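Working notes, structure below.
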Amino acid sequence: NAGVMQNPRHLVRRRGQEARLRCSPMKGHSHVYWYRQLPEEGLKFMVYLQKENIIDESGMPKERFSAEFPKEGPSILRIQQVVRGDSAAYFCASSPSWDSYEQYFGPGTRLTVT
Amino acid sequence: GENVEQHPSTLSVQEGDSAVIKCTYSDSASNYFPWYKQELGKRPQLIIDIRSNVGEKKDQRIAVTLNKTAKHFSLHITETQPEDSAVYFCAAPSGGSYIPTFGRGTSLIVHP
C-alpha cells in the first residue's frame, strides 16, 4: 500500500517562472492538505481539498497561488511568477475522511527560487 | 483560530537522559493533540497522539500528558538515544476543525 507521493522532490525555478507541485494521496484517501514549511519553522496550513472541491483555502496567499484536486490524477499546487520568498518545503498530507484527525505526510517538494 | 506555542526551541541532552517538550494551546474546544517527528530532510511522522478524554498515553519510551484545564500538553522521551535526534512538532486543531495548527518545533539533539 503506497504512501503519499509527491513530485518532484526538488524543484529549482528562476524568479518569475511557474512552479507546479504534485501530490498523490494514499490509496483510498480523498482528502488532501497542503502545508508550507520555511527553514526552521513549523508547518503552515495552506489549503484543504477534496476531489474536485476546495474546502478551505484560508492559509493560501490570495495572489499567485492556486490548488486543485481533479477527479482523476494528483492534486496540484501551482505557484505563478515565483519570488525568492516562495523558497520552502511544501508538504502534502492525505486523510481518509473529512472527520478524521489522521494525516499522513508525503516526502515534500523542496522549492528553490533563484 | 488556534494558537500553539512550543518550548523549548532547542533541547540538548546526553544519551540516556530524559527529554520533555511542552506545548500550550488557546482553543479550549480542541480535543486531539498529535506529536510529529521530523528527521532532517524527511517527512513529518506521527509518533504519538492523545485525545482529550485521557490525561496520559504511553508507547514504550514515549509518553504524552495532557492538562485540559491549563491547556497544555507535553511529550516525554525517556532513555534517549542518538536516533531520537530530530525536530519534534506538536499540533492542535481548532475546535470544530480537523485542520491542525502546528507549533514551531523543537530541535532535539541527543549526544552519545
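All chains are named by letter (A, B, ...) in the order of the sequence lines, taking the proteins before the strands, and each is independently numbered beginning at 1. Since the model is a prediction, treat every value here as computed from it, not as a measurement.
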Count the heavy atoms of every other residue, nucleotide or ligand shown that sit under 6.0 Å from [atom1] of [X], and state whether that count exceeds 12.
X       : atom1 : value
B/Lys22 : NZ    : no
B/Gln60 : CD    : no
A/Glu41 : CD    : yes
B/Glu79 : CD    : no
B/Gln14 : CD    : yes

Using non-hydrogen atoms only, which part of [X] is less than 4.5 Å away from chain B: side chain, backbone, both, or neither?
X        : value
A/Gln6   : neither
A/Ser100 : backbone
A/Asp56  : side chain
A/Tyr104 : neither

Search all heavy atoms of [X] against all heavy atoms of [Y] and return the closest pair with its distance.
X        : Y        : result
B/Ile99  : A/Tyr33  : CG1-CE2, 3.8 Å
B/Arg43  : A/Gly106 : CB-O, 3.0 Å
B/Pro100 : A/Gln103 : CD-NE2, 3.5 Å

Return the [atom1] to [atom2] distance between [X] and [Y], rounded to the nearest 0.5 Å.
X        : Y       : atom1 : atom2 : value
B/Ser97  : A/Tyr48 : OG    : OH    : 9.0 Å
A/Glu102 : B/Tyr32 : CD    : OH    : 6.5 Å
B/Tyr98  : A/His31 : OH    : NE2   : 11.5 Å
B/Gln38  : A/Phe91 : CD    : CZ    : 4.5 Å

With a 4.5 Å cut-off on side-chain heavy-atom distances among I, L, V, M, F, W and Y, is there a chain of contacts connecting [X] to [Y]?
X        : Y       : result
A/Ile54  : A/Met46 : yes
B/Phe102 : B/Ile47 : no
A/Leu21  : A/Tyr35 : no
A/Phe105 : A/Met5  : no

_Portion of B/Gln6 that has a non-hydrogen atom of chain A nearer than 4.5 angstrom_ = neither
*Of the backbone (N, CA, C, O) and the side chain (C-beta and beyond), which part of B/Phe89 lies under 4.5 Å from a heavy atom of chain A, both, or neither?*
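Side chain only.
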*asked:* Checking side-chain polar atoms at under 3.5 Å, does A/Tyr101 have a donor or acceptor matched by the opposite partner on B/Asn31?
replied: yes
